[in-house]
Amino acid sequence: MTLSQETSQAPASSDSTAVALDKVNFSYGRNSAPVIDIPHWHVNAKEHVFVSGASGSGKSTLLNLITGTLIPQQGTVTLCGKPFSEVSARKRDKLRATHIGVVFQQFNLISYLTVSQNIAAAAYFADNPSNDIDARIRQLLAALKLPESILRAKASELSVGQQQRVAIARALVNEPELLVVDEPTSALDASARDIFMSLLRENARDSALIFVSHDAALASHFDKHTDIASLNQAGATV
Amino acid sequence: MITQIAIASLRHRLGSVLLTLFTIVISVSLLLSVEYVRGQVRDSFTRTVSGVDIIVGAPTGQLNLLLYSVFRLGNPTNGVNWNDVAWLQTHPQVDWLVPLSLGDAHKGFRVVGTTNGYFEHFKYGDKQPLSFASGGHFVADTSAVIGAEVATELGYAVSDEIVVSHGLGDISFQHHDAHPFTITGILAPTGTPADKAVYVTLHGIESVHASPSPGRTLRRTAITKPGNDDSTQASQDDAHDTHRHEDDEQHHDHDDSHEHELHEESHTEHDNDSATSTLSEAQPESVSALLLGLKSRVAALQLQHQINNYDGAALLAILPGVALKELWGLMGNVEKLLLGISVLILLSSLIGLITLLLATMRERRQEIAVLRAIGAGPATILWLVQAEALLISAVGCVFSIALVSAGLSLFSEWLNASYGLIVTGSLFTQATGIVIVCVMAATWLCSFIPAIAAYRTALHTGLSGR
């Protein structure tokens, strides 16, 4: 794995691109200043990209645009060759379920559901056949070094580190083309953070990974490192 | 999966959910009870009389005639002169005729003077005839037949003697002690006012009230059409010729001129007569009402018209079915009021349910963000909230049905004793089904309020839940 300070700002062929943003412009209000203004940016399939930026620099907004929970006022977001930002909301939800895995900073899991239910819910929304899911979940738990006994535990009963690993399992259950991770290590100590990063890289080998953090020290784990300030011409503080 | 998530979500908020569930159970139970009792009351109403084509009485309102002749409520305003009864007896369209003489009571139960034809022809429910739980019909003028409830409440058995009292109240100071009646039969329960009546012979009740007057004698013409039990069982007893009546107009109306001293004289005579213990065919001067069975029901309207326009005396003929419908129409307003109150209580419970779901919306932003991230659309979030509301209502309905069923089986005897309401059949009726469907539909509609709030939250909540 090599570290690169380059940003992928040149157009790429759609079949090798996990996600691409083209002339994307977004603001939270009609008269508000744009928060995101990206002429072009893409992440290739299986490429692991680290996006750093100060707090309020638009990192979360960028992730919401990539995952389709926000729609740009101008420009196009393309996911695996599909014009993600231009399809119907229903179709966008389905595309997100099947092609994207998400790991948050915190509150990753639904606290009152069991580990098994949390992971199975992601498979359900992606229309993943339920008979294959149990085996897939057990496989993921083993890969993430979590005991099977944890399956019946409620999310609220887990430690923060365990919750983050279950979140990775949930994000990977549908074998997504793109994994979006938003500051997942901020609540972890250094040891737990290293374990988390190691497990993430190991299990996300077959997916493109966009990892957002203000902690530039984590950049060494990724193929590419992009500062959001260099991507975003809006230059606004959110 | 949505149902699993909804159930888990509700279990997560068990305390507030249980409180909401409690209010739903109370309101749905109330609604079910009102609907069930309404149905039972309506059944009781319609089953009170059947097989009677026309009821004839002195001119009054048709409801009043129905109430006193069938439901034993209220008082007859006047009597029907027996001369006019004779006209009906010989009418070619009349198949049978049963006279009723009202105005006395026994320990709060109405006394009905009638003939054995009553037990033969009067029907209730789906044309079910009266049957005897023990004993049988009148065998003498001093015979009495009592309803099932009278027997149960007063602990009477066949061969017991009873004394009727003047007037209709529970307490009377004028008992006809000198004219005891002997119980010859106890009717099987019917769930109708027939259970609460004491039946005595027409001649018996007449004798009780007879005044010794040379100008008044019980007639001895046939009461019923050929084939009636009375004609076959009539005795040749001449003893009742000695019953003399002083005043033809007042002897049966139990008015103030009904003099006790004259009774005493008459009673003395009757005491001597009663030893004969046979059924007289003597006729009264007047009766309170007549139940008519026709040879063809098609002729009912025509005969009603004839009776109402009868030249001999002013008479009122009513069709029981029409009068029952009018009576139920009046009762229906009370029933609708009860139903309205129950619906309002249900609505307040549903508002509680909405409040519960709305109150949780702020704390559910993170949960909604997670669901959105894993592919749940706003419509799914909307459905999830609705599923939670529907689950609470569905569980509430199940508990309500169990509660009302248990309550009805526990209190069925009390309902029967206190209100004459016969609790029969299952709670799982079409009406119950309609109530449950309406409750679920109302829940579904009301749940749109929190569901739309969740939908909007879902639309505006990013991945971080902010």
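In the text below, chain A, chain B and the rest are named by the order of the sequence lines, each starting its count at 1.
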Completion exercise
CD1 (Ile374(B)) and CD1 (Ile110(A)) are apart, to the nearest 0.5 Å, by 5.5 Å
Practice task
Inspect the surroundings of NZ in Lys94(A) and state if more than 12 heavy atoms from other residues, nucleotides or ligands are less than 6.0 Å away.
Solution key: yes
Fill in the blank from the handout: CZ (Arg90(A)) and OG1 (Thr380(B)) are apart, to the nearest 0.5 Å, by 7.5 Å
Problem - From CG (Asn64(A)) to CZ (Arg372(B)), nearest 0.5 Å - result: 9.5 Å
Exercise for the section: Write down the atom of Met1(B), the atom of Ala121(A), and the distance for their closest heavy-atom approach. Expected result: CE-N, 3.8 Å
Problem - CZ (Phe399(B)) with more than 12 external heavy atoms under 6.0 Å - result: no
Problem - Between CD on residue Glu367(B) and OH on residue Tyr112(A), distance to nearest 0.5 Å - result: 3.0 Å
Handout entry: Per-residue contact mode, Ala120(A) against chain B (heavy atom under 4.5 angstrom)
Key = both
Handout entry: Heavy-atom proximity to chain B below 4.5 Å, by part of Ala89(A)
Key = neither
Exercise for the section: Of all the heavy-atom pairs spanning Ala97(A) and Gly375(B), show the shortest one and how long it is. Expected result: CB-CA, 3.6 Å
Practice task
Could you pull out the closest heavy-atom pair between Ala376(B) and Arg96(A), with the gap in Å?
Solution key: O-NH2, 4.3 Å
Exercise for the section: Kindly compute the distance separating CZ (Phe125(A)) from CD1 (Ile2(B)), expressed to the nearest 0.5 Å. Expected result: 4.0 Å
Handout entry: Interatomic distance, Ile5(B) atom CD1 to Tyr124(A) atom OH [nearest 0.5 angstrom]
Key = 8.0 Å
Practice task
Check whether Thr114(A) gets within reach of chain B through its side chain, its backbone, both or neither, counting any heavy atom under 4.5 Å.
Solution key: neither
Exercise for the section: Taking the side chain as every heavy atom from C-beta outward, state whether Leu113(A) and Ser9(B) have any pair of such atoms under 4.5 Å apart. Expected result: no
